[in-house]
Protein chains: 2
Amino acid sequence: MKEKFVPDIVVKRLPWYLQTLNQMAREGLHTVSSIALADRVGTSGAQIRKDLSYFGEFGKQGTGYSIYFLIEQLQKILKVDRIWRVSVVGAGNLGRALTRYQGFANRGIDICLLFDNDPGLVGIRVNSLIVRHVDSMADDIQDMKVKMAILTLPSEAAQATADVLVGAGIQAILNYTPAALMLPKHIQVEHIDPVLQLQRMMYYLGEE
Amino acid sequence: MKEKFVPDIVVKRLPWYLQTLNQMAREGLHTVSSIALADRVGTSGAQIRKDLSYFGEFGKQGTGYSIYFLIEQLQKILKVDRIWRVSVVGAGNLGRALTRYQGFANRGIDICLLFDNDPGLVGIRVNSLIVRHVDSMADDIQDMKVKMAILTLPSEAAQATADVLVGAGIQAILNYTPAALMLPKHIQVEHIDPVLQLQRMMYYLGEE
DNA sequence: TAGATTGTTAATCGATTAACAATC
DNA sequence: TAGATTGTTAATCGATTAACAATC
C-alpha cells in the first residue's frame, strides 16, 4: 500500500466510512457510489473520493465501489483487520461499564486487562476478567504486549498512570478523565469528556 | 454581547479554554497572557486572541487577561452560567455509570431524569434518582422543561427514542450509541463512540 | 453505444498564523 | 518611560468543492 502523508482529518473519517459500509453490507447491498455513501455519512462524494485517493484506487467508473472490497481495504488501512488487545485502567462505574460493553467484540477490540488500586475492587469479576492491582500493571501489559489503554480513573491519578502505561509500551490512550495529559508526541491520545461536549451544545440552546 | 456569526470550530474550543482557566484559578493564578493559556491548552496565542475577539475585548495590553473575569465571560457566552437539567435515557451499565458520575455537578449539569424500558430496571435507585419507564418520558421531559439528553441504550432503539425526545422539546443530544441519528438540523447532536476513536488511533500504531 | 461514476486537477473557501499599531 | 501584550489586519496555509477527462 503506497501511502503518501495523509492528513489526520482524513484518517479520522475512515472509521465512519467503515462503519457505514458495514451497515450497508448488513442491509444486503453489494455496491455503492461515492455519493450514496456520502449521503449516509453526511459528507460529499468529492470528499470521499479524495480521501480514498490517498490510499489507492478502489472504485470502478460507472459502477462505484464494491462494498465488500472497500470494507476489506479500509480494514487493512486502519489495521482493524486484526484483534487489538486493550487494557482498561480504573474499575469504577465507568471502567466496569466499558469492560462489559458488547460493542467492542466485533470491531477489532479485545478488552483483556482491567486494573484498579482499590483493594476492595481487586479480585472481583467483571465479565470474564478479574480486576488486577495496578502494581502489576506495567508487567502485565508488557507480558501481553498490549498497545492500547482506556483511562477511567480519578483525574488526579491520570497523568502518573499514563506515564507508567507509556513506560510499559502503550502507544495509544483513550482518556475518559477530564485531565489534559502531557505525553511524548508519538503517543496517540484521544480525549472523551462528556462535559465539554455538553457545554459546546449549550452555546446553541435557546434562552429558556 | 454583540455576536457576529461564530464558526463552530471556535465554539468547540471555548469549553477547553474555560476548563483550563478554571484549573489555573484553582492553582491560585490571577492573570494569564494569551500565550501562557495557549501553552496549557495546546494551541497558539494568536488563535486564542482571534477566538475571543468574536465575542468582545476581554484583555488588557501589557498584562493579559484576568482569569476570574475571563471565566465569567466564557461562562456567559457558553451559557454555562446556569444549571442545565439533563435526562439520561437508558439505565444499563453505561447510563447508570454516567448518572453516578461526580464530574457533572460543578460544571453546570444536573442529571435529573433517568429512563429505561426494562421493567427489571424501572424503580431501582441510582444515586438520588429512581429509574422511570420510557412511557412517561415525553411527559416528564416536558414537565421539567429538560432541553438536553444523553442516549445510552441499544442502538436499535436510538433513532425512535431520539425522535420522541425531539418531540418532547429536547434540543441537544449526546449520543453514546453507535447509531448515526437523522434529526432536524436545528437539533444539536454530539456523538461519542469509543470504537471510532480507537480505530483512528490504530492507523498510527506500529506493526507488531 | 450511452450513461454513470471514478480519480484527479484546479478553483474556492475557510482557518491559522504572522505581524504590528495601539495602549496598558 | 520602556516593556509587554492585546486586538486586528493581511498573508499563508490547508481543506473542501467543482469540474471533467478517462473509462467501466
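On a predicted model such as this, the values are computed, not experimentally measured, just so you know. The chains referred to below are lettered A, B, ... by the order of the sequence lines, with proteins before strands, and numbering in each begins at 1.
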Rounded to the nearest Å, what distance is computed from the [atom1] atom of residue [X] to the [atom2] atom of nucleotide [N]?
| X | N | atom1 | atom2 | result |
| --- | --- | --- | --- | --- |
| B:Phe69 | D:dT6 | CZ | C1' | 14 Å |
| A:Arg13 | D:dG14 | CZ | C1' | 12 Å |
| B:Ile67 | D:dT6 | CD1 | P | 12 Å |
| B:Asp8 | C:dC13 | CG | C1' | 17 Å |
| B:Phe5 | C:dA15 | CZ | C1' | 12 Å |
| B:Asp51 | C:dG14 | CG | P | 17 Å |
| B:Leu70 | D:dT6 | CG | P | 11 Å |

For the pair B:Trp16 and A:His191, name the ring-plane relationship: parallel under 30°, tilted 30 to 60°, perpendicular over 60°. tilted
Just call it for B:Leu52: base, sugar-phosphate, or nothing, with non-hydrogen atoms closer than 4.0 Å on any strand. nothing
For DNA chain C, what dot-bracket results from Watson-Crick or G-U pairs at under 3.5 Å, with [ ] for crossers and | for inter-strand partners? ..||||||||||||||||||||||
Got B:Leu18 and B:Ile71 here, is their nearest side-chain heavy-atom distance under 4.5 Å? yes
Would you check if B:Val41 and B:Tyr17 make a side-chain contact, meaning some heavy-atom pair closer than 4.5 Å? yes
Please check this pair: side chain of A:Asp116 against backbone of A:Ala91, looking for a donor-acceptor N/O pair closer than 3.5 Å. yes
Would you please name every residue forming a side chain to side chain contact (heavy atoms under 4.5 Å, CB included) with A:Arg132, sequence neighbours left out? A:Leu113, A:Phe115, A:Ser136, A:Asp140
Looking at B:Tyr65, does any N or O in its side chain come under 4.0 Å of the phosphate oxygens OP1/OP2 on D:dG7? yes
For D:dT6, does OP1 or OP2 lie under 4.0 Å from any side-chain N or O of B:Arg49? yes
Specify the residues of residues 19-27 of chain B, ordered by number, for which at least one heavy atom lies under 4.0 angstrom from an atom of DNA chain C. none
Within residues 28-48 of chain A: residues closer than 4.0 Å to DNA chain C (heavy atoms): A:Ser33, A:Ser34
Of A:Lys50 and A:Gly64, the one whose closest nucleotide on DNA chain C sits nearer the 5' end is A:Gly64
Name the closest nucleotide to the [X] side chain, picking from [options].
| X | options | result |
| --- | --- | --- |
| B:Gln61 | C:dA15, C:dC24, D:dA15 | C:dC24 |
| A:Glu57 | C:dT16, C:dT5, C:dT8 | C:dT8 |
| B:Pro7 | D:dG7, D:dC24, C:dA15 | C:dA15 |

Step by step, would you call B:Asp193 with B:Gln197 a side chain to side chain donor-acceptor pair (under 3.5 Å)? CA-CA 7 Å; B:Asp193 187 341; B:Gln197 304 211 21; over 6 Å; no
Counterpart residues, salt bridge (Lys or Arg N to Asp or Glu O under 4.0 Å), relative to B:Glu156 (two or more places apart): none
Whether over 12 other heavy atoms sit under 6.0 Å from [X] [atom1]:
| X | atom1 | result |
| --- | --- | --- |
| A:Leu29 | CG | yes |
| B:Met144 | CE | yes |
| A:Glu27 | CD | yes |

Option from B:Leu14, B:Val80, B:Asp81 for which side chain to side chain contact (heavy atoms under 4.5 Å, CB included) with B:Leu74 holds: B:Leu14
Strictly by side-chain hydrogen bond (donor to acceptor under 3.5 Å, both in side chains), give each pair with a member in residues 28-37 of chain B just once, sequence neighbours left out. B:Ser34-B:Arg49
